[in-house]
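Notes to accompany the following structure.
Whatever order the structure lists them in is the order used to number ligands and atoms, beginning at 1.
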Amino acid sequence: MSKKICIGILGGGQLAKMSTLAASRLGFDISIMVKEMHSPAGQLTHHESIGWVDDELHLRSFAQHCDVVTLENEFVDHHRIEFLEKHGKKVYPSSVTIGLIQDKLLQKQTLKKNKIPVPAFIEVTADHTFAQIAKKLGSPFVLKSRKMGYDGYGNALVNDEKEFHSAVRHLSNRHNNLLAEAFVHFTMELAVMVVRTPNEIRTYPVVQTIQKNHICHTVIAPAQISKALAKKAEEIAVASVKAVKGFGIYGVELFLTKEKSLIVNEMAPRPHNSGHYTIEACVTSQFENHIRSILELPLGSTKMVKPYAIMINLLGKQHPQSKQDLYAVALKHPNAHLHVYGKEGSRVGRKMGHLTMIGDDLKKILKEATALEETISL
Ligand code: ADP
């Protein structure tokens, strides 16, 4: 009997879990490396390896039985990926791509160099004052940690000198190096998933993302924008992926301004929250195309199977209840697709699951999904 193809994933959260489900459906094995046991993805495989990438021996023995390695977030130091590549392992995204993406300053410089529109930005050094930055970028501006930022942790809106000092102190706890960006007065936030192999490149429909407290809350697919703008957004997203020499799947986040210009906010070298709707709403989900792409297999159609989809994130609430009768309303709904990630602990704002509805009437599914979210307490 021939050995099954095995995919190694560094990380075991919801993105790894949904990728594992997609891989398993195609008959592939998954091996997970996580810092702690019982991760959402680890619960689905016999190969849950506890440890992390800084332990070289552990990393090598993990990778040894994997045909390809991928990761669920961009926080793995690119030198660790390079280490695997030096030992002959294929990793998607590559160390070069991760190196260009995981530092938000380098990412912006790379995009800018490739003529991709990004907000005005500067590197912030220890001797910078609020006034100097405001003179260059205007006020307010957004201060960001260069690495390790997600769901808005690592960002601060700065209006004056006092806020600047407090933001520098607060953000430096996350990562020492900071950048500042001009505040973009956007009218809409958009996202495009791009999937690429050496042979093909495909985009998913442009979606609108609505954030609450800097965390993605609702996704509307497709975004209600003109065809011409959607085409432009797709072109920018493809150019962004090419700029970082990216293969595999990528989420590209954009701002749409009042003047109808598109500006890239950031990109993620992995399945993306804005693409969860694709599980039910597209012929091939982002997770399946992610798996196909890292194995360099033919990609599946990214077309939607219904005109519209709504995805709402289910964030941890004040009084979480995990018994399934507490989301019985959602289970009884004839058109709701409920995903519960199975995380060990809930906390306010933590991504615990999501809800998708697809249909022919956008207003109706948006109203129904919003009402249903209220009934769920994870
Ligand atoms: P993270 O990496 O933590 O997701 P982002 O840089 O994507 O952080 O920012 C999170 C959210 O903060 C964005 O979706 C957007 O709403 C807001 N934001 C970020 N940068 C800017 C900016 N330059 N101008 C206006 N809003 C911004």
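- Side-chain heavy atoms closer than 4.5 Å link hydrophobic residues (I, L, V, M, F, W, Y) into clusters, and following such links, possibly through other members, connects Leu10 to Phe83.
- Heavy atoms from both the backbone and the side chain of Val184 come within less than 4.0 Å of ligand 1.
- There is a side-chain donor-acceptor pair under 3.5 Å between His165 and Glu161.
- Contact annotation: for Thr209 versus ligand 1, there are no heavy atoms closer than 4.0 Å.
- Using a distance-only test at 3.5 Å, with no hydrogens or angles considered, a donor-acceptor pair links the side chain of Gln224 to the main chain of Pro222.
- Side-chain contact of Glu280 with His339: a donor-acceptor pair under 3.5 Å is present, judged by distance alone.
- With a 4.0 Å heavy-atom cut-off, ligand 1 is reached by the backbone of Phe183 and by its side chain too.
- Environment of NZ in Lys90: sparse, with no more than 12 heavy atoms of neighbouring residues, nucleotides or ligands closer than 6.0 Å.
- Here the side chain of Thr187 pairs a donor or acceptor atom with the backbone of Leu256 at under 3.5 angstrom.
- Counting heavy atoms closer than 4.0 Å to ligand 1, residue Cys216 contributes nothing at all.
- Ile358 belongs to a hydrophobic cluster whose remaining members, ordered by chain and number, are Val283, Val305; membership requires side-chain heavy atoms of ILVMFWY residues under 4.5 Å apart, directly or through intermediates.
- What sits closest to atom 14 (O) of ligand 1 on the protein, heavy atoms only, is Glu189 OE1, 2.6 Å.
- One option in Glu74, His214, His185 has a heavy atom closer to atom 12 (O) of ligand 1 than any other, and that option is His214.
- The option with the heavy atom closest to atom 6 (O) of ligand 1, from among Glu266, Gln211, Lys144, is Lys144.
- Counting only non-hydrogen atoms, the option in Asn155, Ile215, Asn273 that gets closest to atom 10 (C) of ligand 1 is Asn155.
- For ligand 1, the atoms lying closer than 4.0 Å to a non-hydrogen atom of Phe186 are 16 (O), 25 (C), 26 (N).
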